[in-house]
Amino acid sequence: SVAFWSLKNEVLKVGQQLEPAPYEDLLRQADEKRQTQGTYSGIILHDDDFLQQMVNEAVKSPYKIKFNKNGSVAKKGSDVTGPEVIDTLVAFNEAKIQEIAAKILAGQFELAPYRDNQSTGLQYSDFTSIMRFDAMMGDQYHDLPKWQKEDILAAMHDFLQKGAQN
């Protein structure tokens, strides 16, 4: 399983001199804010024993794991996935790494940074001055389409099938 958490460090305001009791209250408040701050996002392998360890009814789980009333894992709103999806992701990444490596070895260095609405792959880059990318001069962005998870997996399957045929 792979997950990440976009963590915010909340600031607690103190309006008086700290004494032992108010300090302990601040620690309790900080712990409460931390527990309700958010959830991990990512991919969680469907393993019933593992999922039950990750979800504790007494404390809000920081993972996107949802169950249906019958006890099965919900497909919507849950990051839980089967091993076939993880296998597809790994195979796709390996194929793309090989494809990119072959292009680099062949001297093909196409510069086409992604663009997702207003953000781009160059937005926070320290190397824009040496990349010489200029959309006004005809350089093209790689616009990211708005796809659903199922569409992305289907496209990966298609890519892998075409690679297997070649």
Side-chain angles (χ1 to χ4, degrees), residues 1-13 30 32-47 50-51 53-55 59-68 72-166:
S1 298
V2 177
F4 66 91
W5 186 326
S6 183
L7 185 63
K8 290 186 253 172
N9 203 358
E10 296 284 336
V11 176
L12 296 175
K13 294 184 176 141
E32 286 173 4
K33 280 193 177 281
R34 182 188 53 78
Q35 289 180 9
T36 60
Q37 188 177 59
T39 57
Y40 286 98
S41 293
I43 300 169
I44 301 170
L45 180 61
H46 188 165
D47 177 300
F50 178 68
L51 294 177
Q53 290 176 6
M54 302 281 283
V55 178
V59 179
K60 179 184 178 257
S61 175
Y63 300 96
K64 289 184 184 175
I65 302 172
K66 298 202 185 319
F67 294 98
N68 296 318
S72 64
V73 176
K75 291 187 184 215
K76 200 164 198 156
S78 183
D79 284 344
V80 178
T81 190
E84 67 283 348
V85 171
I86 293 176
D87 291 344
T88 298
L89 293 171
V90 170
F92 180 78
N93 282 331
E94 287 175 350
K96 290 303 280 185
I97 289 169
Q98 291 173 357
E99 177 187 319
I100 292 167
K103 285 182 178 180
I104 290 171
L105 291 173
Q108 299 171 349
F109 301 102
E110 179 183 328
L111 182 59
Y114 80 86
R115 179 170 54 192
D116 186 18
N117 290 332
Q118 296 300 316
S119 65
T120 73
L122 298 176
Q123 192 168 2
Y124 300 107
S125 175
D126 293 332
F127 304 103
T128 54
S129 61
I130 61 171
M131 288 185 202
R132 305 232 181 237
F133 179 87
D134 190 347
M136 302 287 257
M137 298 299 290
D139 293 331
Q140 300 290 313
Y141 283 105
H142 173 75
D143 289 314
L144 297 179
K146 301 283 183 218
W147 286 5
Q148 297 297 315
K149 177 181 168 181
E150 296 79 19
D151 299 331
I152 294 169
L153 288 170
M156 288 180 179
H157 278 290
D158 291 345
F159 178 84
L160 292 169
Q161 291 299 320
K162 288 177 185 171
Q165 294 171 358
N166 290 337

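Predicted model, so just to flag it, every value in this text is computed and none were measured. Starting from 1, each residue takes its place in the sequence as its number.
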V85/L153 under side chain to side chain contact (heavy atoms under 4.5 Å, CB included): CA gap, chis, key distance, verdict: CA-CA 8 Å; V85 171; L153 288 170; 3.9 Å; yes
Chi angles and distances behind the side chain to side chain contact (heavy atoms under 4.5 Å, CB included) call for L122, F127: CA-CA 8 Å; L122 298 176; F127 304 103; over 6 Å; no
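- Across all their heavy atoms, M131 and L111 have their closest contact at O-CD2, 3.4 Å.
- For the pair L51/V80, a side-chain contact is recorded, criterion being any heavy-atom separation below 4.5 Å from C-beta on.
- To the nearest 0.5 Å, the span separating CD on E150 from CD1 on I152 amounts to 9.0 Å.
- With sequence neighbours left out, the side-chain contact (heavy atoms from CB on, under 4.5 Å) criterion links F109 to I104.
- The environment of E84 atom CD is dense: over 12 non-hydrogen atoms of other residues, nucleotides or ligands sit within 6.0 angstrom.
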Pair I86-L45, side chain to side chain contact (heavy atoms under 4.5 Å, CB included): steps then yes or no: CA-CA 8 Å; I86 293 176; L45 180 61; 3.8 Å; yes
Audit row: I43, L89, side chain to side chain contact (heavy atoms under 4.5 Å, CB included) steps and yes/no: CA-CA 11 Å; I43 300 169; L89 293 171; 3.3 Å; yes
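- The nearest pair of heavy atoms linking Q118 to Q123 is O-OE1, 4.4 Å.
- With sequence neighbours excluded, the residues satisfying salt bridge (Lys or Arg N to Asp or Glu O under 4.0 Å) with K146 are D116.
- Under a cut-off of 6.0 angstrom, the local environment of NZ in K96 is crowded, with over 12 non-hydrogen atoms contributed by other residues, nucleotides or ligands.
- To the nearest 0.5 Å, the span separating CG on D79 from CD1 on I65 amounts to 8.5 Å.
- Here D143 contributes atom CG and Q140 contributes atom CD; the two are 8.5 Å apart, rounded to the nearest 0.5 Å.
- For the ring-ring contact (aromatic ring centres under 6.0 Å, His included) test, residues two or more places apart in sequence or in another chain that qualify with Y141 are F133.
- Between K76 and K66, the shortest heavy-atom contact is O-CD, 4.4 Å.
- Looking only at side-chain heavy atoms (C-beta outward), T88 and L160 come within less than 4.5 Å of each other.
- One finds the OG atom of S78 at 9.0 Å from the NE2 atom of H46 (value rounded to the nearest 0.5 Å).
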